[in-house]
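Indexing begins at 1, ligand by ligand and atom by atom, following the structure's order. Here the structure is a predicted model, which means the values were calculated and not measured.
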Amino acid sequence: MTRILAIETSCDETAAAVVEDGRRVVSHVVASQIEIHARYGGVFPEVASRQHVLAIVPVAEQALQEAHLTAAEVDAIAVTRGPGLPGSLAVGINFAKGLALASARPLLGINHLEGHIYGAWLYEGEEAPPPPAFPLLALLVSGGHTELVFMEDHLRYRRLGSTRDDAAGEAFDKVARLLGLGYPGGPAIQKAAENGDPAAFAFTRPWLKNTWDFSFSGLKTAVLRAVREIQAAGKPLPVAHLAASFQAAVADVLVGKALKAAAAFEARSIVVAGGVSANRLLRERITAEAPVPVHIPPLRYCTDNAAMIAAAGYRRFAAGQRDGLDFDLMPRWAIDLVGESMSQLVG
Ligand code: KG4
Ligand code: ZN
């Protein structure tokens with residue numbers, strides 16, 4: 001059995017976890033800074049890195065304690081190397097380097113997006129559910145990324161398309177701000193949409209023909225235009241209807257394109273990952289409409305966490321990756337370029 005301890009500090013969650021064989025979560029701790037950043041209406045980078053400095057040691061200690069292990073007893077330490085906020089990444093990476101040195105454990109730098117995808121392999125308890133089958137199509141939807149990724153096998157990524165402007169989660173966050181809902185926007189829109197009619201506003205479905213790319217800024221502008229018209233007429237904002245109509249438009253495009261790509265590339269399964277995969281409408285629709293099994297992590301492993309980094313770390317550890325103690329952080333790091341870190345492969 002292989003146990004990986006992982007550390008994740010790429011954005012505003014300080015997280016640590018222990019995972020067995022890339023799948024079974026033994027412990028999982030997340031210290032969220034959401035309440036602190038909500039005051040600013042978004043993540044304040046310098047505040048984020050200082051919160052990581054405060055939280056990283058207790059969070060990692062708790063993850064090890066709950067797993068009844070010391071750092072010297074895990075097989076390797078994995079840490080998010082990028083993409084993410086530089087100041088936030090640096091805290092986790094330096095902590096992980098120190099811990100790897102002190103406990104004489106191998107260290108692996110992991111791509112955060114690869115981590116989100118491997119979140120789909122995680123489970124808790126004794127019974128392992130069937131893993132996603134290859135080849136697979138991954139729809140990666142987070143605050144910073146919206147990508148369609150084709151995987152022929154483990155650790156092999158072909159990026160089919162990505163967003164040309166706003167990421168899906170970013171669109172949720174911006175529209176939430178427009179509607180006077182809080183941060184983070186995704187959960188706030190989902191909640192507001194519960195009492196709304198998704199057909200109340202016929203917002204544009206930005207499809208972009210003959211490409212696997214996405215675009216969400218036009219949809220955001222369409223919502224803005226509707227809001228301005230209603231306000232100019234002196235009427236109260238139908239927030240629930242606007243939220244429901246926006247959410248339906250995003251789900252239509254994400255589900256439609258993911259299913260089309262899955263069919264075109266003859267995928268045997270679909271993985272949906274990243275913070276936006278917590279969205280109930282998206283989960284329900286893609287699960288109901290896909291002709292192949294759909295794997296979506298449990299809610300707590302959709303948004304940022306360290307268990308998913310441990311899951312990806314396990315695959316890389318098994319493939320022989322060892323990164324040493326002198327690697328830099330990667331604030332921008334496309335998932336299809338992740339193999340370049342394999343230059344430090346051993347044997
Ligand atoms: O993966 P994540 O936690 O952090 C990044 O790596 O970006 O994703 C955060 C994003 C935010 O934009 C947030 O609004 C969105 O995920 N999100 C949701 C939901 N929960 C989180 N979007 C739609 N519906 C949700 N329920
Ligand atoms: Zn993320």
Side-chain angles (χ1 to χ4, degrees), residues 6-15 17 28 30-34 37-38 41-43 45 48 80-85 88-89 92 110-120 138-147 149 162-163 166-179 181-194 196 198 216 219-220 243-244 246-255 271-286 296-309 311-312 330-335:
I7 305 293
E8 150 70 41
T9 64
S10 67
C11 190
D12 60 344
E13 329 272 1
T14 316
H28 143 80
V30 179
S32 175
Q33 307 175 6
I34 281 181
H37 297 290
V43 178
T80 305
R81 185 178 175 186
L85 300 170
S88 290
L89 290 165
I110 300 299
N111 180 290
H112 180 83
L113 306 175
E114 178 174 50
H116 272 304
I117 291 179
Y118 275 100
L139 171 67
L140 191 58
V141 274
S142 71
H145 295 84
T146 303
E147 332 234 319
V149 179
S162 56
T163 183
D166 294 346
E170 194 180 352
F172 270 97
D173 295 336
K174 286 179 175 171
V175 167
R177 209 172 304 154
L178 258 170
L179 300 181
L181 302 168
Y183 172 84
I189 295 230
Q190 173 170 312
K191 182 138 208 322
E194 280 170 13
F216 290 106
L219 175 57
K220 173 194 65 195
F246 163 76
Q247 181 178 251
V250 176
D252 260 356
V253 176
L254 292 177
V255 173
V271 165
V272 190
V276 181
S277 66
N279 186 265
R280 198 183 312 136
L281 180 67
L282 175 62
R283 296 169 82 94
E284 286 173 0
R285 280 205 44 197
I286 198 158
I296 315 179
L299 283 184
R300 57 198 160 284
Y301 305 126
C302 287
T303 46
D304 289 348
N305 66 88
M308 67 186 201
I309 302 301
M330 307 266 273
R332 295 173 167 276
W333 190 10
I335 190 164

S.K.: Heavy atom to atom 6 (O) of ligand 1, shortest distance: which of H112, K174, Q247 holds it?
M.R.: H112
S.K.: Let me check your reading of the structure: within less than 2.8 Å of the Zn ion (ligand 2), is there an N/O/S atom from H112?
M.R.: yes
S.K.: Got an N, O or S from H116 under 2.8 Å of the Zn ion (ligand 2)?
M.R.: yes
S.K.: Report yes if some N/O of D304 lies less than 3.5 Å from some N/O of ligand 1; otherwise report no.
M.R.: yes
S.K.: For atom 15 (C) of ligand 1, which candidate among L140, V276, I189 provides the closest heavy atom?
M.R.: V276
S.K.: For atom 13 (C) of ligand 1, what's the nearest protein heavy atom and its distance?
M.R.: D173 OD1, 3.8 Å
S.K.: Can you find a heavy atom in the side chain of E8 that is under 4.5 Å from one in the side chain of H112?
M.R.: yes
S.K.: In the protein, what heavy atom is nearest to atom 26 (N) of ligand 1, and what distance, to one decimal place, separates them?
M.R.: Q190 OE1, 3.0 Å
S.K.: Do V250 and V141 come within less than 4.5 Å of each other through their side chains, counting heavy atoms only?
M.R.: no
S.K.: Could you give the distance from OG1 (T80) to CG (L89), rounded to the nearest 0.5 Å?
M.R.: 7.5 Å
S.K.: Looking at atom 24 (N) of ligand 1, what's its closest protein heavy atom, distance included?
M.R.: N279 ND2, 3.0 Å
S.K.: Do S10 and S88 make a side-chain contact, defined as non-hydrogen atoms from C-beta onward lying under 4.5 Å apart?
M.R.: no
S.K.: Check each atom of ligand 1 against the heavy atoms of G185 and keep those under 4.0 Å away; list them by number with element.
M.R.: 14 (O)
S.K.: Is D173 reaching over with its side chain to a backbone N or O of P184, donor-acceptor style, under 3.5 angstrom?
M.R.: no
S.K.: Can you list the ligand 1 atoms lying under 4.0 Å from a non-hydrogen atom of G169?
M.R.: 12 (O)
S.K.: Report yes if some N/O of P184 lies less than 3.5 Å from some N/O of ligand 1; otherwise report no.
M.R.: no
S.K.: I'd like to know if H116 contacts ligand 1, where contact means a heavy-atom distance under 4.0 Å to any ligand atom.
M.R.: yes
S.K.: If you count every heavy atom of other residues, nucleotides or ligands that lies below 6.0 Å from R280 atom CZ, does the total exceed 12?
M.R.: no
S.K.: Of all heavy-atom pairs between D166 and F216, which one has the smallest distance, and what is that distance?
M.R.: O-CD1, 3.6 Å
S.K.: Give a yes/no on ligand 1: does G144 have at least one heavy atom closer than 4.0 angstrom to it?
M.R.: yes
S.K.: Would you mind running through ligand 1 and noting each atom that sits below 4.0 Å from a heavy atom of T303?
M.R.: 3 (O)
S.K.: With respect to atom 21 (C) of ligand 1, which of G186, G143, G275 exhibits the smallest heavy-atom separation?
M.R.: G275
S.K.: Check I189 against Q247 and note the closest heavy-atom contact, atom names and distance.
M.R.: CG2-CB, 4.4 Å
S.K.: If only atom types and distance count, is the side chain of R283 paired as donor or acceptor with the main-chain N or O of S277 below 3.5 Å?
M.R.: yes
S.K.: Restricting to N, O or S atoms of D304, which is nearest to the Zn ion (ligand 2)?
M.R.: OD1
S.K.: Do the side chains of R81 and E114 get close enough for a salt bridge, i.e. N-O under 4.0 angstrom?
M.R.: no
